[in-house]
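Notes for the one structure printed next.
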Amino acid sequence: MFPKEILQADNKTLTIIWSDDHKSSYDVVLLRGQCTCAACRDEWTGERILLPSAVLPTVRPDSLESVGNYGIKISWSDGHSTGIYTYDYLRGLCV
């Protein structure tokens, strides 16, 4: 599944419209807390290093960057920018 469009709907919501026309909306604070990079989650155990409850409620994406054909890199207002959110992972987070 690939995004047709990725947009920041407002300062609290990131929206992706997928190739099957499904629309996913993500709370940006919750999304920041779900980062899977090595700084946020232990690579060996999978244990969270950054607890979602520790993410400031004011955090926002500063920029989005496409990473190949498989994901996006989000640079966050808290200075974090090493996480890559794969499309499969983002679609899996959608409820």
Side-chain angles (χ1 to χ4, degrees):
M1 204 58 49
F2 295 97
K4 288 188 344 186
E5 187 175 3
I6 301 173
L7 56 112
Q8 192 158 353
D10 57 42
N11 66 352
K12 296 179 184 178
T13 310
L14 183 72
T15 299
I16 297 177
I17 301 171
W18 298 95
S19 55
D20 65 354
D21 291 324
H22 178 79
K23 182 178 177 180
S24 301
S25 293
Y26 304 92
D27 178 292
V28 296
V29 175
L30 296 177
L31 193 59
R32 171 64 182 94
Q34 294 298 316
C35 183
T36 60
C37 81
C40 295
R41 180 176 280 181
D42 186 279
E43 290 183 272
W44 296 102
T45 66
E47 183 179 347
R48 285 233 152 258
I49 295 168
L50 171 72
L51 298 177
S53 60
V55 176
L56 295 175
T58 56
V59 74
R60 301 289 177 262
D62 282 336
S63 66
L64 303 171
E65 179 182 335
S66 180
V67 178
N69 290 322
Y70 65 91
I72 57 173
K73 177 182 169 186
I74 303 175
S75 294
W76 296 96
S77 60
D78 65 0
H80 185 69
S81 63
T82 58
I84 296 173
Y85 294 78
T86 67
Y87 298 140
D88 287 341
Y89 182 65
L90 288 168
R91 185 64 186 250
L93 288 176
C94 177
V95 261

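No experiment lies behind these values; they were computed from the predicted model shown.
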- [ ] Check whether any side-chain heavy atom of Trp76 lies under 4.5 Å from a side-chain heavy atom of Cys35, and answer yes or no.
- [x] no
Open item on the list: Any donor-acceptor pair under 3.5 Å linking the side-chain atoms of Trp18 with those of Ser24?
Closed with: yes
Task: Pairing of Arg48 and Asp42 as salt bridge, 4.0 angstrom limit - done: no
Task: Close side-chain approach of Ile84 to Tyr70, heavy-atom, < 4.5 Å - done: yes
- [ ] Output the distance between atom CG (Leu31) and atom CG (Leu14), rounded to the nearest 0.5 Å.
- [x] 6.5 Å
Open item on the list: I'd like to know whether CG of Asp10 has more than 12 heavy-atom contacts from other residues, nucleotides or ligands below 6.0 angstrom.
Closed with: yes
- [ ] Can you measure from OG (Ser66) to CD1 (Ile72) and round to the nearest 0.5 angstrom?
- [x] 8.5 Å
Task: Hydrophobic cluster identity match, Leu64 and Leu30, side-chain contacts under 4.5 Å - done: no
- [ ] Before accepting this row, confirm whether a basic side-chain N of the pair Asp78/Arg32 lies closer than 4.0 Å to the acidic partner's carboxylate O.
- [x] yes
TODO: Specify the closest pair of heavy atoms between Ile74 and Pro61, including all atoms of both residues, with the distance to one decimal.
DONE: CG2-CB, 3.8 Å
- [ ] Check the pair His80 / Ser75 against side-chain contact (heavy atoms from CB on, under 4.5 Å), numbers first and verdict last.
- [x] CA-CA 6 Å; His80 185 69; Ser75 294; over 6 Å; no
TODO: May I have the step-by-step check of side-chain contact (heavy atoms from CB on, under 4.5 Å) for Thr15 and Tyr26, ending in yes or no?
DONE: CA-CA 6 Å; Thr15 299; Tyr26 304 92; over 6 Å; no
TODO: Locate the shortest heavy-atom distance separating Val59 from Ser77; write the atom from each residue and the value.
DONE: CA-OG, 3.3 Å
TODO: Output, in order, the C-alpha distance, side-chain angles, deciding distance and verdict of side-chain contact (heavy atoms from CB on, under 4.5 Å) for His22 and Arg91.
DONE: CA-CA 10 Å; His22 178 79; Arg91 185 64 186 250; 3.5 Å; yes
Open item on the list: Please tell me whether Phe2 and Leu93 are part of a single hydrophobic cluster in this structure, the criterion being side-chain heavy atoms less than 4.5 Å apart.
Closed with: yes
- [ ] Kindly determine whether Tyr87 and Ile16 satisfy side-chain contact (heavy atoms from CB on, under 4.5 Å), including the steps that lead there.
- [x] CA-CA 10 Å; Tyr87 298 140; Ile16 297 177; 5.7 Å; no
Task: CG-CD1 distance between Leu7 and Ile17, expressed to the nearest 0.5 angstrom - done: 6.0 Å
Task: Spatial distance of atom OG1 (Thr13) from atom CZ (Arg60) [nearest 0.5 Å] - done: 8.5 Å
Task: From OG (Ser19) to CE (Met1), nearest 0.5 Å - done: 4.5 Å
Task: Distance in Å, Ser81 OG paired with Glu65 CD, rounded so as to fall on 0.5 Å steps - done: 9.5 Å
